[in-house]
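Notes for the one structure printed next.
Because only heavy atoms are used, hydrogens play no part in the values below, and waters and symmetry mates are left out as well, while side chains stay in. Treat the numbers as computed from the prediction; the structure is a model and nothing was measured. Naming convention: chains lettered A, B, ... in sequence-line order (proteins, then strands); numbering from 1 in each chain.
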Number of protein chains: 2
Amino acid sequence: MAAKRPDKVTITEVARLAGVSTATAGRVLGGYGYSSEEIKKRVQASAKRLGYRPNLLARGLITGKTKTIGVVAGDIQSPFYSSILRGIADVSRAEGFGVLLTNSDELLVRELEAVQLLLDKQVDGLIVAPCDTERSDHLRRALKEGCPIVQFDRMVKGLGADAVTVDNRKASREAIGSLIEAGHRRIAILAELERWDSGDIASFIMRVEAGSIEPTTLFPSWQRLFGYVEAHLAAGLKIDRALVARVGAYSLDAARLQALHLLREADRPTALFTADGLMTAGAVDAITSLGLRIPDELSMIGFDDLDWMSFLKPAITAVVQPVTAMGETAARLMLDRLAGGDSPPRHVTLELSLARRGSVAKP
Amino acid sequence: MAAKRPDKVTITEVARLAGVSTATAGRVLGGYGYSSEEIKKRVQASAKRLGYRPNLLARGLITGKTKTIGVVAGDIQSPFYSSILRGIADVSRAEGFGVLLTNSDELLVRELEAVQLLLDKQVDGLIVAPCDTERSDHLRRALKEGCPIVQFDRMVKGLGADAVTVDNRKASREAIGSLIEAGHRRIAILAELERWDSGDIASFIMRVEAGSIEPTTLFPSWQRLFGYVEAHLAAGLKIDRALVARVGAYSLDAARLQALHLLREADRPTALFTADGLMTAGAVDAITSLGLRIPDELSMIGFDDLDWMSFLKPAITAVVQPVTAMGETAARLMLDRLAGGDSPPRHVTLELSLARRGSVAKP
DNA sequence: AGGCACTGTGCGAACGTTCTCACAATAGAA
DNA sequence: TTCTATTGTGAGAACGTTCGCACAGTGCCT
């Protein structure tokens with residue numbers, strides 16, 4: 001039989017050794033009431049001698065606070081989420097908070113399970129990249145029951161919670177704008193574009209042109225497409241539907257295939273805009289296998305900046321997201337909220353920057 | 001003032017509604033004692049009606065089990081750790097365990113803090129990539145106090161705990177072997193090689209040649225150097241000390257600088273072996289900026305396989321580590337141990353494979 | 001009839017903290 | 001003096017579970 005738990009030392013024993021009541025010892029060790037200098041010393045001495053460590057479970061049970069933040073990421077394995085997580089973890093640690101991690105794989109069921117687990121474990125708050133901007137009753141419920149939520153990367157429609165996002169639309173508009181300015185007219189976009197309940201690409205584009213879409217609760221790749229359309233509109237260019245490649249899945253292979261398809265057309269685009277890091281990877285893979293020369297035969301700008309992009313033959317111009325800052329901001333919003341902020345929901349939008357490198361030239 | 005906690009429903013209320021004692025309700029809901037079919041139904045019905053969720057803190061306080069695993073990674077932002085974490089998280093989730101995450105940044109103080117935090121939060125076990133293979137009393141203490149530990153990537157000397165590692169030495173030996181076989185005689189190695197208390201590179205090499213080093217508790221980059229030396233010994237080649245580049249820090253920039261230094265020498269090596277992903281990135285950066293052609297002017301093999309390596313102009317031959325499998329194995333070892341395994345410490349060594357691509361040619 | 005094993009239920013005590021009270025002592029103000 | 005405020009201490013009740021025990025009923029074997 002396994003040895004039970006070898007004499008965990010509790011506050012009672014510290015109190016006994018110091019010759020005071022557990023209440024007094026608690027006050028000294030927990031730092032929450034009055035205590036004389038002399039007793040303080042005595043208690044601390046015996047705590048040290050016994051190697052006392054407070055049981056955070058017991059504390060949490062009574063205070064209702066666990067000093068733990070629950071995080072629901074899409075997939076920590078991706079550089080995007082792992083950097084955000086890093087930001088969250090750093091800020092949390094500095095304030096003595098723990099981070100309980102789960103992955104949703106962008107699946108609603110998974111997210112639901114994850115939130116449930118975190119809630120059961122009594123986390124003080126939830127930092128979530130929501131899978132679905134509409135069906136998020138579980139988040140609403142959690143919020144209503146007093147568990148603060150901070151969303152990142154995207155926002156649930158009408159959820160009254162804090163959020164950190166980036167200005168995808170603007171960055172995309174500017175990136176495409178710079179391609180147009182360089183003289184490009186046939187600019188392709190390779191984007192994930194999953195989950196759009198209200199129709200297909202064509203109708204989305206029409207509705208953007210008509211100005212009848214509220215962009216804030218769109219998924220990032222759609223916001224980036226939004227910016228793509230806007231840039232075309234601003235320049236008075238028509239959009240060739242054939243140049244909008246909807247990958248439909250977050251997969252390198254799918255991206256590669258779509259890129260191949262796009263670049264093998266007779267009437268090939270002169271420039272390619274990839275809507276995130278994975279799409280860029282898939283595209284680069286396709287481009288090298290086709291033997292296309294960048295930027296002579298094809299100009300390129302990608303969303304997300306990954307280390308390898310800067311040391312590729314011609315380095316790839318990229319929209320860089322402030323990933324760790326996003327995580328840090330999310331954590332900070334959460335900690336503020338936990339510190340008693342009763343302010344209305346705040347929405348922080350971080351700015352993006354364009355790292356101009358060698359992948360753009362005149363067509 | 002913030003609303004307190006809006007009527008959390010406890011087992012007492014479920015019991016009352018079902019007309020039974022809390023003990024009985026507990027048995028049904030916790031599934032740990034006898035209960036008749038009829039009562040089972042009644043309790044479950046009222047639990048469902050009230051939306052009851054057990055408070056895992058309270059449960060943990062009494063059972064001493066939190067169903068939470070603490071993880072101390074070096075830096076989740078790195079692809080290595082994030083993949084491992086993914087593996088850990090997947091297996092843990094499947095068994096209903098939560099994952100509490102911390103980073104050590106490979107700093108002993110940080111690791112100490114992290115372990116302390118996790119222990120205070122009463123995690124059931126610790127999965128750690130130890131910073132220091134010698135001074136790890138905190139781990140020994142935790143172990144002695146009944147908190148199981150699984151190490152990964154490296155092992156603490158004489159710590160009687162489970163571990164998952166890969167066969168760095170063998171993989172490195174074989175990689176270098178294949179370069180030698182291709183005809184290379186001047187093979188450089190670019191490696192982190194921090195933390196070696198017993199002297200410098202020269203003395204390490206001498207001691208390897210003398211057979212007086214126990215490799216299992218070395219840090220991975222040293223094990224890889226070990227294999228490098230062995231391959232040379234086996235082929236009867238002398239080692240040119242100038243070809244062993246010790247970066248001394250885990251930094252892309254430092255790696256790039258060392259690589260530049262190495263490749264600008266008059267008597268340039270004909271092949272380069274990089275001891276991990278970051279070193280490879282630094283080297284590739286240096287190589288492109290020098291305009292060296294791979295594999296004509298320089299052959300190359302790198303440890304760690306990152307997505308971009310496969311779609312670089314000539315794809316880079318790489319030793320691929322089974323990263324997620326490593327995480328999964330670590331988690332599985334932990335869960336076994338928690339399930340009551342009293343077996344002696346197990347050490348799982350995973351095999352590595354060489355992904356042969358286009359970066360190796362005759363000199 | 002007695003004994004024993006098994007099933008089912010409730011009472012109350014844990015678990016290790018914090019929190020609410022009650023009570024004292026001291027000091028300064030009225 | 002008496003009142004009030006401030007500082008200090010301890011007893012005991014929380015928090016929401018699980019666990020040990022007592023007790024009772026059933027069925028089966030001697």
Side-chain angles (χ1 to χ4, degrees), chain A residues 4-44 46-47 50-68 119-124 145-146, chain B residues 4-44 46-47 50-68 119-124 145-146:
Chain A
K4 290 297 288 290
R5 29 197 57 261
D7 42 43
K8 283 272 182 188
V9 30
T10 80
I11 206 170
T12 316
E13 309 176 38
V14 174
R16 183 160 41 215
L17 178 62
V20 296
S21 72
T22 65
T24 306
R27 273 187 290 256
V28 172
L29 267 14
Y32 50 82
Y34 294 113
S35 47
S36 66
E37 278 310 311
E38 195 232 326
I39 287 224
K40 215 173 274 184
K41 251 179 232 160
R42 246 174 42 218
V43 170
Q44 278 160 350
S46 49
L50 297 178
Y52 170 75
R53 297 257 84 210
N55 182 327
L56 265 29
L57 280 196
R59 177 178 294 173
L61 182 57
I62 182 162
T63 61
K65 302 278 148 213
T66 53
K67 296 209 102 188
T68 304
L119 252 28
D120 286 355
K121 287 203 184 291
Q122 311 292 118
V123 296
D124 291 342
E145 285 184 3
Chain B
K4 289 299 286 292
R5 28 197 58 260
D7 43 42
K8 284 271 184 187
V9 30
T10 80
I11 206 170
T12 316
E13 309 175 37
V14 174
R16 183 159 41 214
L17 178 62
V20 296
S21 72
T22 65
T24 307
R27 273 186 289 256
V28 173
L29 268 13
Y32 51 82
Y34 294 112
S35 46
S36 65
E37 277 311 311
E38 196 233 325
I39 287 225
K40 216 172 272 183
K41 251 180 230 158
R42 244 174 43 216
V43 170
Q44 277 160 350
S46 49
L50 297 177
Y52 169 76
R53 295 256 88 209
N55 183 328
L56 297 185
L57 281 196
R59 176 177 294 172
L61 182 57
I62 181 162
T63 59
K65 302 278 149 215
T66 53
K67 296 210 100 185
T68 304
L119 253 27
D120 286 356
K121 287 203 185 291
Q122 312 290 121
V123 295
D124 292 341
E145 285 183 3

Side chain to side chain donor-acceptor pair (under 3.5 Å) against T22(A), all qualifying residues, sequence neighbours excluded:
none
Applied to residues 21-30 of chain A, the salt bridge (Lys or Arg N to Asp or Glu O under 4.0 Å) test, sequence neighbours excluded, yields none
Do the non-hydrogen side-chain atoms of V28(A) and Q44(A) ever get within less than 4.5 Å of each other?
yes
Mind checking the [atom1]-[atom2] spacing from [X] to [Y]? Nearest 0.5 Å is all I need.
X	Y	atom1	atom2	answer
L56(A)	L119(B)	CG	CG	11.0 Å
L57(B)	I62(A)	CG	CD1	12.5 Å
S46(A)	Y52(A)	OG	OH	11.0 Å
N55(A)	L61(A)	CG	CG	10.0 Å
T10(B)	R16(B)	OG1	CZ	7.5 Å

Considering residues at least two apart in sequence or located in another chain, which fulfil the side-chain contact (heavy atoms from CB on, under 4.5 Å) criterion with L50(B)?
V9(B), E13(B), V14(B), L17(B)
Please enumerate all residues that pass side-chain contact (heavy atoms from CB on, under 4.5 Å) together with T68(B), with sequence neighbours excluded.
L100(A), K121(A), T66(B), L100(B), V123(B)
Five-pair end axes of the helix from dA1(C)-dT30(D) to dA30(C)-dT1(D), angle between them (10°):
50°
In whole Å, what is the span from the CG atom of D120(B) to the C1' atom of dT17(C)?
13 Å
Rounded off to whole Å, could you give me the CD-to-P distance for the Q122(A) and dT17(C) pair?
18 Å
For residues 34-42 of chain B, tabulate all N or O donor-acceptor pairs below 3.5 Å that involve a side-chain atom, not counting sequence neighbours.
unit_1: S36(B); atom_1: OG; unit_2: I39(B); atom_2: N; d: 3.4
unit_1: E38(B); atom_1: OE2; unit_2: R42(B); atom_2: NH1; d: 3.1
unit_1: R42(B); atom_1: NE; unit_2: A18(B); atom_2: O; d: 3.1
unit_1: R42(B); atom_1: NH2; unit_2: A18(B); atom_2: O; d: 3.0

Going by heavy atoms closer than 4.0 Å, what residues in residues 33-42 of chain B are next to DNA chain D?
none
I need the residues from residues 14-21 of chain A with at least one non-hydrogen atom less than 4.0 Å from DNA chain D; give them sorted by number, or say none.
V20(A), S21(A)
Who passes salt bridge (Lys or Arg N to Asp or Glu O under 4.0 Å) against R53(B), sequence neighbours left out?
D120(A)
Scoring nucleotides 14-28 of chain D by protein non-hydrogen atoms under 4.0 Å (B base, S sugar-phosphate only, - none) yields BBBBBB---------
How close do R59(A) and P54(A) get, counting heavy atoms only, and between which atoms?
NH2-CB, 3.6 Å
